[in-house]
Every structure is written in structure tokens, then in C-alpha cells.
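Below is one structure, written out as C-alpha cells; comments come after it.
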Amino acid sequence: MTSAGSIDVVARLRAAGCVFAEDEARLLTAAAAETGADLEVLVTQRVTGSPLEHVLGWAEFHGLRVVVSPGVFVPRQRTAFLVDRAVESLRDRSGHPVVVDLCCGSGALGLAVARTAADEGRPVTLAAADIDPVAVECARRNLTPLGAPVYEGDLFEPLPEELRGCIDILLCNTPYVPSAMIARMPPEARDHEPRTALDGGPDGLDVFRRVAAEAAEWLSPGGQLFVESSEQQAPPALSILARYGLAGQVSESEEHYATVVIGTRSR
């Protein structure tokens, strides 16, 4: 692309409200060159509101390039903190830990945990599940190269029975936006990501409650559930965990502006 063309793309992106217009122009230009796509089509998709990750076909997450299809939840950078906490827990475990990514979306969390653990010489057995068939197909593109199955269904329902009582690390990025707040979300999320991946019910904890209610049955002794939440939701989340027999703790990161609620099954 010519310098004049570069300036034109940057100007169009900036006029559309893209804060990092120069970076996005570079990524879109590279994507067009790599895939043979029409740059004009890509830019038009972006300036009309499509998330950059959906236009590119991938998102950068925890140092990895994760396939992200249109209509699939885009992994947030703050969720890298949840991955880091899960990996820390794996370092204290022997053997070949079982990791399950529930409500997996693109499978980004499971992918990042498995890859990071493998890089540290701690291979895991990974599986994932989601209720959305579009997300399941996307997750399979990310996780099949690792030999990880991705099941389609509601929460624990599609998981094979042999995983019951055997999950050491349960990653679950449940939807936690209160229903009344969905309308206030940025259009990129509100209009292009599935509502089932965003809407957590009146207080944002409806799906979390359902996960907590069954988690102890699926976790191994000492197994842990990792869920992202807001700072305000953490106290009621701890009460929910206690109600279902899980010892709860909250971990926060100012760097990532992230809050993670952790529930541990007694040994």
C-alpha cells in the first residue's frame, strides 16, 4: 500500500473513532496482504463497527494468536490475569492435571493455560465446552491442534462422565454483565458478540450460580474454579461459593484492572 493510501486508511479509521488508528491500519494492511482479502472491504467492515478481531479473524491474547470468528466473544486482555492465576495453581500440582474451559467461547483461556503450562514443562489434559455452536466451531479451530475435544451443550451437560470429580482446574469466563447494563456497552460488543456471552442476568451472577451449584461434583479434591467478575460482584460471589461447599477467595490485579473469584473443593 502506498504512503498516501496508508494515510487515507488511518484517516478513515480515526474519523470512525478508532483510538489506535495507526496500529489498526497496519494490522488491516497486513491481513489483506496475508490472506489476499480486499483491503477496502476490511476497512469498510471496521469503520462500520465490526470489532477489529472479527475483521482480522484473530485476537492477540496472552502472547498467542487466537482464531476469533464473527459472532464469537472476543477475549479481553484483562482475562490474562485469570490465566496467570490458573497457571500458578498448576505449578503446585503433580502428575498430568485435567483442565476444562467451560463457557469457552473461542477457547482462548484453555489454549493459553495449556500452552503456558506446556512451555513450563507441565503438560495438561484439556477439554472445553460451550452452548453456542458458532463458538464451538471456533474453539475447535484453536484447540484441535492440541488434541483437546470441544463439546457443545449447556455448562457441564455435554462433558463426558469420566471427567466428573476429576477436573483440577475449571476455567469459566461466565457472562457477568447485569442485564440492564448491556445497552451501555460499546457497540462493538453489544452489536457483534452473542448476548449469551455477555448477559449475566439481573445482578450479573445468574450463570455463575449455576456453575457453582455443580462445580464441587466435577472438581477433583483440591480442584479449583476460576471465574472473572467485577469488584462489586466478588463479595456475593464468595457467598455463593460457600453455599455450595467451595472455599472462596478473591484475587485482584490493578495492572489488568481484573478481579478473579476462585473456589476450591476441599481435599
Between Leu171 and Val99, does a side chain to side chain contact (heavy atoms under 4.5 Å, CB included) hold up when you go through it step by step? CA-CA 7 Å; Leu171 312 167; Val99 176; 3.8 Å; yes

With a 4.0 Å cut-off on N to O distance, would you call [X] and [Y] a salt bridge?
X: Arg85; Y: Glu88; result: yes
X: Arg46; Y: Glu40; result: no
X: Asp168; Y: Arg265; result: no
X: Glu228; Y: Arg76; result: no

Check the pair Asp203, Arg209 against salt bridge (Lys or Arg N to Asp or Glu O under 4.0 Å), reporting the backbone distance first and the verdict last. CA-CA 11 Å; Asp203 64 353; Arg209 287 186 182 87; 2.5 Å; yes

Regarding [X] and [Y], do their side chains bring together a donor and an acceptor under 3.5 Å, going by distance alone?
X: Ser89; Y: Arg93; result: yes
X: Thr116; Y: Glu120; result: no
X: Thr259; Y: Glu231; result: no

Least distance between heavy atoms, Val68 atom then Ala59 atom: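 Shortest heavy-atom contact: CG2-CB, 3.7 Å.
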
Please work out which of the three classes, parallel, tilted or perpendicular, describes the rings of Phe156 and Trp218, given edges at 30° and 60°.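 Ring orientation, 0 to 90° scale: parallel.
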
Please identify each residue that fulfils salt bridge (charged side-chain N to carboxylate O under 4.0 Å, His left out) with Glu22, with sequence neighbours left out.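 Testing Glu22 for salt bridge (charged side-chain N to carboxylate O under 4.0 Å, His left out), a comparison that skips the adjacent residues, returns Arg14.
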
For Arg164, check salt bridge (charged side-chain N to carboxylate O under 4.0 Å, His left out) against everything at least two apart and list the hits.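 If we apply the salt bridge (charged side-chain N to carboxylate O under 4.0 Å, His left out) test to Arg164, skipping adjacent residues, the hits are Glu161, Glu217.
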
Between the main-chain N or O of Cys104 and the side-chain N or O of Asp130, is there a donor-acceptor pair closer than 3.5 Å?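 Pair found, side chain donor or acceptor close to backbone of Cys104.
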
Do Leu90 and Ile167 share a hydrophobic cluster (ILVMFWY, side-chain heavy atoms under 4.5 Å, transitive)?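 No, because Leu90 and Ile167 fall into different hydrophobic clusters, even though each may have its own neighbours under 4.5 Å.
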
